[in-house]
Structure formats: structure tokens, C-alpha cells
Amino acid sequence: MRVSRLMLVTLRDDPAEAEIPSHKLLLRGGYMRRVASGVYAYLPLLWRVLSKISAIVRQEMDATGALETLLPALQPASLWERSGRWQGYTAGEGIMFHLVDRQERSLGLGPTHEEVITALAADLLRSYRQLPVSLYQIQTKFRDEIRPRFGLMRGREFIMKDAYSFHADEADLRLTYERMDQAYRRIFSRCGLRTVAVEADSGAIGGSASQEFMVTADAGEDLILSSADGRYAANQERACSLPEPAVPLVCATAEAVELHTPGQHSIEALCAAHGFEPSQTVKVLLLLARCALGQARVVLVSLRGDQQLNPTKLANAVSGALGESAGALLELEPITPEQIHLEGLPAWPLGCLGPHLGDEWLAGARSWQPTVLRLADATAAELEVFVCGANRPDTHLVGARWSALGGPRPIVADLRSAQPGERCLQDPAQRLESSRGIEVGHIFQLGRKYSQVLEATFTNEQGLDEPLWMGCYGIGVSRLAQAAVEQHHDQHGICWPVAIAPFEVIVVVASAQDPVQVALGERLHDELEQAGLEVLLDDRSERAGVKFKDADLIGIPWRVVVGRGAASAQVELVERASGTKCDLGAKEVVTLLREHITAARLGLTATQSS
RNA sequence: CGGGGCGUGGCGCAGCUUGGUAGCGCGGGUGCUUUGGGAGCACUAGGUCGCAGGUUCGAAUCCUGUCGCCCCGACCA
């Protein structure tokens with residue numbers, strides 16, 4: 001391929017719209033253009049990269065025995081209503097693009113395909129004899145992200161590989177899940193990425209176990225907590241740790257004593273004024289949970305004063321406590337004084353709330369359920385004696401005990417956010433370290449969540465119908481491409497790993513005016529192509545410097561410079577990533593590159609942990 | 001959606017405070033010179049200053065509204 005025919009437009013300045021290196025480089029290198037917020041045109045060079053990633057994904061998925069398929073992006077609302085996700089995905093902060101057709105039918109553009117695939121499974125899978133089976137597709141997904149960001153990192157239209165597996169029992173699901181785990185490690189490694197596998201929250205997809213694959217990079221949106229030996233790694237929203245022990249509170253009396261605390265509405269203020277340690281206190285957070293079905297519910301969370309709430313863990317705990325009858329949890333936000341007022345309730349002593357806040361405070365509420373949902377983090381529940389709000393203005397209790405506070409006991413759960421520096425659960429001798437990551441893959445054991453609601457059953461060996469066991473497995477193909485740039489670039493531009501580079505070699509003719517150089521450049525290009533390599537020939541009548549700059553920017557792994565030595569058939573070979581150069585004859589260069597590149601194509605050189 | 005910022009030739013920006021009929025660098029075209037790390041000179045094309053109202057003799061500039069984009073939070077491959 002000739003660069004002059006490539007429609008290559010590179011930019012000298014960083015585009016104003018880009019913030020992180022990979023985004024800037026993909027725009028500057030002529031790989032893509034923004035069409036709308038979170039919507040990008042993949043230009044020919046990028047499409048080659050995406051195709052190569054897809055090819056690797058296909059090989060590895062095929063090797064697991066999965067079958068490639070292609071499901072519709074346009075999906076009927078009725079299907080999503082059956083799974084109970086239509087509301088959650090379209091109302092409020094839902095991310096599903098949806099529309100109404102000329103027959104007034106509601107449709108959505110697929111953000112994911114559990115519904116479609118499960119309905120198909122219900123139709124096609126009838127007997128345990130057909131199981132297990134896995135299907136996958138590489139397809140454009142649509143998600144109306146609340147905030148699209150960083151180019152391909154969080155687009156509203158993006159390319160994803162999603163796979164779904166179906167099983168007769170949970171043990172078989174685990175086998176495929178493990179196989180997918182291994183396939184994922186090979187895929188990322190072959191793409192030249194350094195990744196970490198971490199324990200993850202299952203989020204809106206649901207299910208039990210799930211694991212994310214993170215490309216380690218400072219620009220990553222996720223915080224990873226891991227042990228130094230790499231045996232434990234988790235997304236912070238999921239991570240667990242050993243909290244520091246609480247400082248015991250010494251009390252003279254067995255009874256709690258009231259303390260006048262004017263204006264001391266925060267743990268810091270309270271502790272500063274009276275010399276308490278935050279770990280001796282219990283703080284109370286009030287939130288309002290809105291679900292797809294039923295009235296809003298007040299949620300009261302008790303946390304040890306020195307701990308931070310983990311919103312993901314809380315949302316999971318609230319969903320679990322409310323049960324399926326409430327439908328999907330749509331919103332869980334702190335309650336404001338205005339909301340309390342609008343409910344027609346008297347003002348609450350916010351800032352002095354205690355875990356024993358009674359349901360009587362909700363009497364007469366206009367639209368809220370009349371009972372409080374009480375949750376407590378284990379660190380708070382374990383405190384024997386503590387300081388907490390007295391549910392009266394400017395008053396706290398010193399020496400409070402759960403037994404003496406009375407009222408309904410809270411549900412105890414892990415609600416705290418693990419922090420870097422805390423001790424690992426598995427090995428208290430190690431401390432959690434933090435790093436940033438870009439999530440490029442996520443695998444889930446869905447269990448029977450979707451098969452039950454969509455009635456996807458099969459007949460087992462005993463002749464009885466039961467719901468299918470399911471797993472699902474995603475890779476952000478377009479995100480992976482940008483993550484690769486984020487991990488492989490320098491001040492001059494991109495340094496693509498050979499396995500996913502748009503071209504493997506670029507032959508730069510230093511002087512397009514020199515017929516000898518042109519002739520040798522053409523010949524080398526042809527010979528390299530005949531050797532099975534993917535070759536660019538920079539035949540533009542630009543100065544050599546321009547071509548070198550562009551070659552560095554677009555990041556072709558190998559550069560062959562046809563210049564001064566052309567008359568004696570001598571060329572220069574430059575490796576992009578390392579910058580190492582050597583002069584050699586035109587014949588040797590073909591042999592050498594064929595060896596290097598055919599070996600590197602398979603990838604499997606990148607390191608991987610956990 | 002809340003908070004912050006930006007919309008001026010293809011790209012990056014200045015001009016706006018203090019209204020007076022639009023400029024710089026890069027890029028494009030032509031010519032000459034140059035030719036191994038984003039060349040020099042000359043000529044040239046290209047902009048209803050996001051859009052819509054308003055104020056004014058006069059608006060890129062002031063006011064109102066609106067649309068779009070980016071950044072910080074909730075979401076996720």
C-alpha cells in the first residue's frame with residue numbers, strides 16, 4: 001500500500017478535544033475522527049487495527065469451541081420487559097438508546113445481548129444433550145453513556161465482542177468460565193497488552209462471580225487494589241480488606257450519656273471538639289432508594305466513623321434486602337432536607353442522626369414507604385460502645401451500645417470501601433497497593449438470572465425441565481485498541497505491538513526525486529509483500545523528515561529507509577519501539593523482517609500477572 | 001443531570017475587558033530554491049466569528065435564549 005493513496009492526514013498539533021495521550025495520538029495519526037460526542041469514524045488505518053484484534057479474538061474464541069454469530073442491534077422493548085430491564089435501561093439514568101417505530105412499537109439499540117441470546121436459547125436449546133454451547137459475536141454496541149470520554153475509551157457507539165455460554169449445571173458453567181478466563185489472557189497477551197485480572201462487581205449485568213481484565217495505565221478510569229505478590233487484585237468497588245482495629249472507647253457508666261454538640265455535624269468536627277477518635281463513632285447516612293416497582297424507601301446506613309461508604313456494595317446490599325418484588329434499583333441518593341420537607345415531614349436532625357432513628361419519623365410521609373431499611377457495615381456493628389447521634393438537634397450520645405439503643409436491628413453487611421495501605425484479608429502481612437486500569441474485558445457467571453425470567457429451560461437427564469445455566473464474556477474491541485496505544489507510545493507517537501499494527505513495515509523513500517531510491521523502494525515493497533508481510537511504501541514527494549515524523553507518529557513497528565545507500569543496495573532498518581537502527585543490504589532486510597515479524601505476529605510476549 | 005470551561009478559514013489559537021467591518025501559526029494550491037528528522041521565499045484560495053433574537057448609526061466584541069463540544073462526579077467493554 002502506498003502512503004500517497006492512503007488518505008492519510010496527520011496533525012501537527014494536539015486536537016483541542018483530546019485529553020489523554022492515546023486519544024491525542026489516534027486523532028493526530030489520522031486513525032479516527034469524531035462524528036458526535038462518543039461517536040467516532042474508524043478510518044482505514046484504525047480499521048486494520050480493529051480487524052487484527054478481531055481476528056485474534058476470533059481465533060481464541062473459536063479455540064474454546066464457541067460459535068460465531070451475529071445478533072440484531074435493534075431489539076424489541078417487549079423482550080427487555082420480560083427480563084425486567086427495560087425500565088432500568090431506559091428510564092432515569094438508563095443507557096439504552098430507544099425509539100418508537102411507525103407502528104408505535106418501542107425498540108432499543110442493544111447495549112448488550114443477554115435478552116436476545118436467552119430468548120434464542122429458549123427457542124433452540126431443548127435437551128441436555130445440546131449442552132454446553134457457547135456463542136459469540138463481534139458487533140457495534142450502543143450505550144447512551146452519561147458522560148462519553150477519552151475517545152474510544154467510553155464511546156456511545158463502540159465495537160464489542162460478547163459471548164454467552166449455556167450449561168446444564170453450575171459446575172459445567174465454571175469449566176467454561178475458566179476456559180474463557182484462559183482465552184482472555186491469551187487474547188490480551190497476543191495483542192501485546194499488560195493486563196491484570198481483578199475481582200469485580202457484576203453491575204447491571206448481574207450474576208455471581210465476575211472478573212475484569214484491566215490494562216494497566218495511568219489514564220485508566222478504574223482503581224485497582226492489589227497485594228504486592230499479585231495473588232489478590234480487585235476493583236476498588238469490590239475490594240475487601242482488613243480494617244484497622246477501632247480505638248476502644250472507655251466509659252465510666254454503663255448508660256449512654258448525652259453530649260451537647262452544637263454545629264458539630266461532621267465526624268471531624270465532633271472528634272476535634274471532644275477528643276474522640278473517628279473509629280469510636282458510628283456515623284449514619286440517609287439515602288432514598290427508588291425502584292422500578294413500588295414506593296421509594298428510606299435507607300439508613302451505619303458506618304464506623306473512620307470508614308468510607310462503598311456505593312457499589314451498598315447498592316448491592318439494598319437490592320438484596322428489597323428483594324425481587326421491588327424490581328430493579330433505579331436510584332440511590334442521599335436524602336436532602338428539601339425532600340423531607342416535600343414529604344410533609346418535620347425537619348430531621350441531620351448531622352445528629354443515630355442508628356436508632358425510628359420509623360415514627362416517617363409517619364405521614366406522602367410517597368415514601370413508612371419503614372426505614374436499616375443497614376450497618378460490619379465495622380460499625382462490631383463496636384460494643386461508641387459515640388453516635390442522639391436523633392435530637394445538637395446532641396450526641398457517648399457510650400451508646402447496640403443493645404441499649406433499642407429499635408430494629410440493622411442488616412449487617414460489608415459496605416465499606418477498602419483503601420490503599422490497608423491489610424489484605426488473605427494475608428494480613430501484606431498491604432493493598434493501588435494502581436489504575438482500563439477495563440478491556442469482563443467475564444461473568446450469570447447463573448440462572450436470565451434463563452429463569454425468560455423461561456429458557458432444557459430437559460435434563462431425568463426428563464425434568466430446568467432453567468439453563470449461563471455465563472457471559474465481553475471484550476471492548478475498540479477500547480482495547482486505544483488502551484494498546486495508551487500502553488505503547490512515546491513522545492514521538494504510537495508504538496504498535498506487531499500483532500495489531502495496521503502495517504508491519506513502512507518503506508520510506510528518503511528522496512522521491514532520486515530514481516535509484518524510488519526503484520529500490522518499489523522493489524523492496526514488492527519483495528516484502530511477496531514475503532507475506534504487510535507493507536506501506538511512503539512514496540510521497542515530501543522531505544525525508546516529514547516522512548520520518550509521520551512514520552513515528554502512526555507507529556509502524558519496522559521502518560526501512562531507502563536513502564543514500566540505495567545505489568549500493570544498502571538500506572537502514574529501524575525498530576520503532578526501541579529506536580535501534582542498523583544498516584544492511586536490501587536482500588538481508590527481507591529475510592530478517594520475515595523472521596522477526598512472523599515470530600512477533602503470534603504475540604504471547606507480553607507479561608501478565610494474576 | 002449538577003459544577004467548570006470552550007465554540008473565530010481544514011487544525012491549533014489571538015482579537016472580546018474599552019463595539020468601528022477579522023488576524024497569526026500550521027495545513028491546501030502554484031512557482032522557484034532546498035532535500036536523512038515536520039525546509040525557505042513569493043504568489044494564492046479559503047471565514048455570514050456555532051445558531052436565533054435583542055441593544056446600537058454600527059456587534060466576533062454588549063444582553064437574552066438556544067445548540068454543540070470538552071473537563072470534574074453517578075455509569076461501563
Side-chain angles (χ1 to χ4, degrees), chain A residues 9-20 23-24 27-28 30 33-39 57 88-89 92-96 111-113 138-163 184 200-205 210 212-215 220-222 235 237 311-312 315 330-334 438-444 472-483 492-493 508-514 517 541-553 559 561-566 571-572 574 579 581:
Chain A
V9 177
T10 56
L11 305 175
R12 218 155 158 165
D13 300 311
D14 284 334
E17 69 189 69
E19 194 77 8
I20 61 173
H23 189 193
K24 289 177 179 172
L27 289 168
R28 281 190 56 209
R33 285 296 158 100
R34 187 180 57 75
V35 172
S37 179
V39 179
V57 169
Y89 267 77
E93 305 216 312
I95 56 162
M96 193 168 182
T112 177
H113 281 69
I138 296 173
Q139 184 213 36
T140 297
K141 292 282 190 282
F142 299 88
R143 292 186 185 175
D144 193 2
E145 291 287 343
I146 302 164
R147 187 152 89 82
R149 260 196 278 219
F150 302 147
L152 305 182
M153 289 296 188
R154 180 174 301 282
R156 296 193 298 165
E157 178 179 328
F158 60 98
I159 300 175
M160 178 168 161
K161 186 284 297 182
D162 48 326
Y184 270 43
D201 180 70
S202 298
I205 305 293
S210 97
E212 291 168 335
F213 294 85
M214 298 285 192
V215 171
E221 296 184 77
D222 291 281
N235 194 315
E237 60 188 29
T312 307
L330 300 180
E331 201 182 291
L332 186 59
E333 293 292 328
I438 300 162
E439 181 190 349
V440 291
H442 198 159
I443 58 177
F444 304 78
C472 82
Y473 318 90
I475 289 179
V477 172
S478 45
R479 179 186 280 183
L480 189 157
Q482 190 173 327
H492 302 296
V508 175
V509 177
S511 171
Q513 276 68 49
D514 181 345
Q517 293 186 20
S541 54
E542 294 286 349
R543 293 163 61 89
V546 173
K547 299 187 197 179
F548 294 154
K549 288 285 185 192
D550 274 345
D552 287 349
L553 178 60
R559 186 175 86 207
V561 183
V562 181
R564 300 188 202 96
V571 298
E572 182 187 53
V574 187
K581 304 178 176 180

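The shown structure was predicted, so the numbers you read here are calculated from the model rather than taken from an experiment. Every chain is numbered from 1, with letters handed out A, B, ... down the list of sequences.
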Can you find a donor-acceptor pair, distance only, under 3.5 Å between [X] side chain and [N] base?
X         : N       : value
Asp552(A) : rG37(B) : yes
Asp13(A)  : rC13(B) : no
Arg34(A)  : rC70(B) : no
Arg154(A) : rC76(B) : yes

Without decimals, in angstroms, what is the distance between [X] [atom1] and [N] [atom2]?
X         : N       : atom1 : atom2 : value
Leu11(A)  : rC11(B) : CG    : P     : 9 Å
Glu331(A) : rG73(B) : CD    : P     : 19 Å
Phe158(A) : rC75(B) : CZ    : P     : 16 Å
Met153(A) : rC71(B) : CE    : C1'   : 16 Å

At 4.0 Å (heavy atoms only), tell me whether [X] reaches a base, stays on the sugar-phosphate, or touches nothing.
X         : result
Pro148(A) : sugar-phosphate
Glu17(A)  : sugar-phosphate
Ile146(A) : base
Thr10(A)  : base
Glu572(A) : base

- Look through every strand shown and name the nucleotide pairing with rG68(B) as Watson-Crick or G-U wobble, where both distances are under 3.5 Å. rC6(B)
- Ignoring backbone atoms, establish whether Arg147(A) has a side-chain N or O less than 4.0 Å from OP1 or OP2 of rC70(B). no
- Task: Using a 4.5 Å cut-off on heavy atoms from C-beta on, say whether the side chain of Arg154(A) contacts that of Arg143(A).
- Result: no
